[in-house]
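Written out below as structure tokens is the structure these notes cover.
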Amino acid sequence: MSALSDLLGDVVSDIESVFLFSPSSSHYERFADADIDEQLVVVAPANAVDAETYVELPLEFDNVRDRIRFGVEGALEQDLVEEGDVVACSVRIFDGDPDGVVRVRVEEAMRSGIYDLFANSRADPSVIRDVFEVAIELGKKGQKGKPVGALFVVGDAGKVMNKSRPLSYNPFEKSHVHVGDPIVNVMLKEFSRLDGAFVISDSGKIVSAYRYLEPAAEGVDIPKGLGARHMAGAAITRDTNATAIVLSESDGLVRAFKGGQIILEIDPEEY
Ligand SMILES: Nc1ncnc2c1ncn2[C@@H]1O[C@H](COP(=O)(O)OP(=O)(O)OP(=O)(O)O)[C@@H](O)[C@H]1O
Ligand SMILES: [Mn+2]
């Protein structure tokens, strides 16, 4: 037994922090009462255990890797950890009690901006996630095998509509469909061949397709080489409280913009 503890104990040796992911109160209290030297951090969608040090997880991610990345990035944002720190994460992979401990080294590269995108957008985190997933999937597969571009403007839809005009009839005019519904994801992919932007409300309702955005673009500073789609996406997020998620037809990357700035750039193939 002690030989085994020694062998497995390496996972938690020389660490700076312990992250408890969505702990039950009893699980949390055992750690809190143990008076450990390491920093104790609770990472969860809500601080149900009244932890002193807490990182909000914008979503309960099924994928443990994503869950941990988000927890670490949130802790980086709050200056609870820094580059080089080693963290032990207590997680639940299957139902029931915590059943896994994962050792991670904090790297600056973990600060991808994705945490900020989910946690600090006006739209619901789950809406951002669903749109993001459509963009990633489109980027991976393209439309009938051909690369395709798309522009999704999420949140603050009333204002976005005021700063845009229709390029054609709006196929979502009288419908009450939401991102995340499987059929809607098929529609979004189908319509992505057509020009303009999708406008999506804070709660995920598809308000319109085919919108030509006309935000004021002066002073919007985006990386050189990006064209009109990206400029329009960036600029609308400065004029409104929307978040723009843009898939580039030419380089295949997914970028997110907020407050007129690029906050995230990822390659769908690596996601
Ligand atoms: N102001 C706008 N509002 C909505 N859609 C736009 C706007 N400007 C451009 N687009 C859409 O973006 C498409 C691509 O335009 P453009 O090539 O200039 O953008 P880009 O930023 O280079 O994007 P990509 O990397 O996908 O080529 C256009 O065909 C149009 O559908
Ligand atoms: Mn282009």
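Computed from a predicted structure; not experimentally measured. Indexing begins at 1, ligand by ligand and atom by atom, following the structure's order.
E108 has its side chain within reach of L76: a pair of non-hydrogen atoms, C-beta onward, lies under 4.5 Å apart.
Residue A228 has at least one N or O atom closer than 3.5 Å to an N or O atom of ligand 1. Remark: ligand 1 and A232 share no N or O pair separated by less than 3.5 Å (distance only, no angle test). In terms of polar-atom proximity, defined here as any N/O pair under 3.5 Å, L194 makes no such contact with ligand 1. Polar contact check, R229 against ligand 1: a nitrogen or oxygen pair lies under 3.5 Å apart.
Scanning all protein heavy atoms for the shortest distance to atom 5 (N) of ligand 1 gives G196 CA, 3.4 Å. The nearest protein atom to atom 26 (O) of ligand 1, hydrogens excluded, is given as E249 N, 2.6 Å; this is a heavy-atom distance. Atom 3 (N) of ligand 1 has its closest protein heavy atom at L213 N, 2.9 Å. Looking at atom 27 (O) of ligand 1, its nearest protein heavy atom turns out to be S250 OG, 3.4 Å.
Between R211 and ligand 1 there is a heavy-atom distance shorter than 4.0 Å.
The atoms of ligand 1 that sit less than 4.0 Å from any heavy atom of D195 are 28 (C), 29 (O), 30 (C), 31 (O). Below 4.0 Å from some heavy atom of H230 lie the following atoms of ligand 1, by number and element: 20 (P), 21 (O), 23 (O), 25 (O).
Donor-acceptor pairing under 3.5 Å is lacking for the side chains of S13 and D10.
Between F21 and F19, the angle of the ring planes lies from 30° to 60°, which puts this pair in the tilted group. Ring planes of F172 and F198: perpendicular class, angle over 60° (limits at 30 and 60°).
Aromatic ring centres of F132 and F152: separated by at least 6.0 Å.
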Q) How far apart are the C-alpha atoms of L167 and R211, what are their side-chain angles, what is the distance that settles it, and do they pass the side-chain contact (heavy atoms from CB on, under 4.5 Å) test? A) CA-CA 6 Å; L167 288 168; R211 288 305 279 197; over 6 Å; no

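Atoms CD and CG, on E133 and L138 in that order, are 12.5 Å from each other to the nearest 0.5 Å. Taking CD from E265 and CG from L253, the interatomic distance works out to 5.0 Å, rounded to the nearest 0.5 Å.
Within 4.0 Å of atom 18 (O) of ligand 1, at least one protein heavy atom is present.
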